[in-house]
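Quantities reported herein were computed from a predicted structural model and do not represent experimental measurements.
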Amino acid sequence: MSTSQPDAFRQSEDRATPDSLLHTRTGNEVSPEDLVLASGKDLTPQNIEWARRKLAEEGPSAMEKILP
């Protein structure tokens with residue numbers, strides 16, 4: 001005998017998250033370290049410099065381009 005509610009769980013799996021709930025920005029500035037970690041890279045001086053250049057060129061939208 002299961003105590004879970006499989007029908008309720010299944011129903012939530014079948015629904016897609018509305019676009020209005022999907023976001024990556026929190027209103028805070030995006031740091032180079034944030035960008036490096038979001039890209040799946042290690043926090044090395046070279047990767048942090050890469051992120052600084054990317055943020056300088058693209059601004060905070062650089063984070064939007066990396067995250068799905």
Side-chain angles (χ1 to χ4, degrees):
M1 181 163 132
S2 174
T3 60
S4 67
Q5 298 172 346
D7 291 335
F9 181 72
R10 188 176 307 117
Q11 182 182 18
S12 67
E13 279 186 32
D14 294 340
R15 294 180 22 163
T17 303
D19 288 342
S20 62
L21 296 177
L22 295 173
H23 54 84
T24 56
R25 303 253 344 253
T26 62
N28 298 329
E29 291 292 319
V30 176
S31 72
E33 291 81 2
D34 293 335
L35 193 61
V36 170
L37 293 174
S39 68
K41 298 177 181 179
D42 292 327
L43 287 173
T44 65
Q46 294 83 8
N47 289 340
I48 292 172
E49 185 56 35
W50 163 82
R52 281 193 182 110
R53 288 192 310 271
K54 191 158 184 73
L55 286 170
E57 294 171 7
E58 301 176 19
S61 66
M63 181 70 86
E64 300 290 333
K65 293 176 181 178
I66 288 178
L67 295 176

Would you tabulate the side-chain donor-acceptor contacts of residues 48-56 under 3.5 Å, counting partners in other chains and residues two or more places apart, or write 'none'?
residue : atom : partner : partner atom : Å
K54     : NZ   : E58     : OE2          : 3.0

Inset, instruction - Say whether, by atom type as modelled, one donor and one acceptor occur between the side chain of S31 and the main chain of D34 under 3.5 angstrom. - result: yes
Legend entry - Spacing of CG belonging to D42 relative to CG belonging to N47, to within rounding of 0.5 Å: 7.0 Å
Inset, instruction - Looking only at non-hydrogen atoms, find the nearest pair between A38 and I66 and report the distance. - result: O-CG2, 3.6 Å
Legend entry - Any residue meeting salt bridge (Lys or Arg N to Asp or Glu O under 4.0 Å) with E33, in chain and number order, not counting sequence neighbours: none
